[in-house]
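What follows is a single structure, written as structure tokens, with notes after it.
Note that these values count all heavy atoms, side chains included, but never hydrogens, waters or copies made by symmetry.
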Amino acid sequence: NKSTTMMTPPLRMLLSKPNVVNRLSVGCLSSALNRVSTSCNIISPASSLMSQSALPQQQCRYKSLTKTKRRQREKMRERERRVAAGLPAKPKPPKYIPKDLPVINAMTRQDRDAESVSFDVASAVEMKEKITNQNDQEDTLRFGFHGLVMSDRV
């Protein structure tokens with residue numbers, strides 16, 4: 001029966017375009033085509049294609065994740081796991097010392113200030129002694145020129 005198996009010309013033109021066939025969704029459009037084909041006693045190639053899962057796949061935007069994206073997602077998962085366990089998101093670095101931890105055997109600020117004042121006093125006394133000793137000594141000349149007197153003509 002040739003008239004029952006033939007498709008209507010607009011439907012045939014619609015289904016002859018490969019991009020339209022690829023975009024047919026399994027939902028509403030395929031069910032509408034099935035209704036049209038059953039009401040007209042037409043065997044639709046689109047409905048047979050839809051019933052099979054052999055539709056050509058559309059191109060994907062990306063094949064797989066890059067190494068960087070994979071590492072980032074692993075880190076994110078690890079941070080989420082730590083937060084869920086009640087830990088901070090990132091672990092502390094090795095040999096981490098918090099800033100507010102008191103230093104053992106450290107001097108207080110007042111002790112350090114007193115020590116620096118005593119060192120300043122000691123160095124001031126030493127400098128005064130050197131200055132007085134320098135004023136008392138004669139100027140030594142190079143190459144053993146001792147007792148030179150400057151001429152009046154100069």
**Report entry** Partner residues of Lys75 under the side-chain contact (heavy atoms from CB on, under 4.5 Å) criterion, sequence neighbours left out
**Finding:** Arg79
Query raised in the report: How about Leu101: does its CG atom have over 12 heavy atoms from other parts shown lying under 6.0 Å from it?
Result: yes
Requested in this report: Any chance you could measure Leu65, atom CG, to Glu74, atom CD, to the nearest 0.5 Å?
Outcome: 10.0 Å
Query raised in the report: Roughly how far, to the nearest 0.5 Å, is NZ of Lys130 from CE of Met127?
Result: 6.0 Å
Query raised in the report: Roughly how far, to the nearest 0.5 Å, is CG of Asp120 from CD of Glu115?
Result: 11.0 Å
Requested in this report: Could you note down all residue pairs passing side-chain hydrogen bond (donor to acceptor under 3.5 Å, both in side chains) where residues 93-109 supplies at least one of them, sequence neighbours left out?
Outcome: Thr108-Asp111
**Report entry** Glu80 side, atom CD; Arg82 side, atom CZ - distance, nearest 0.5 Å
**Finding:** 13.0 Å
Query raised in the report: Counting only heavy atoms not in Met76, do more than 12 fall under 6.0 Å of its CE?
Result: no
Requested in this report: Would you give the length of the straight line joining atom CD of Glu126 to atom CD1 of Ile131, rounded to the nearest 0.5 angstrom?
Outcome: 11.0 Å
**Report entry** Straight-line distance of Leu87 CG to Lys92 NZ, nearest 0.5 Å
**Finding:** 11.5 Å
Requested in this report: Please test Lys128 against Val125 for side-chain contact (heavy atoms from CB on, under 4.5 Å), starting from the C-alpha separation and ending with a verdict.
Outcome: CA-CA 5 Å; Lys128 284 181 184 175; Val125 168; 5.8 Å; no
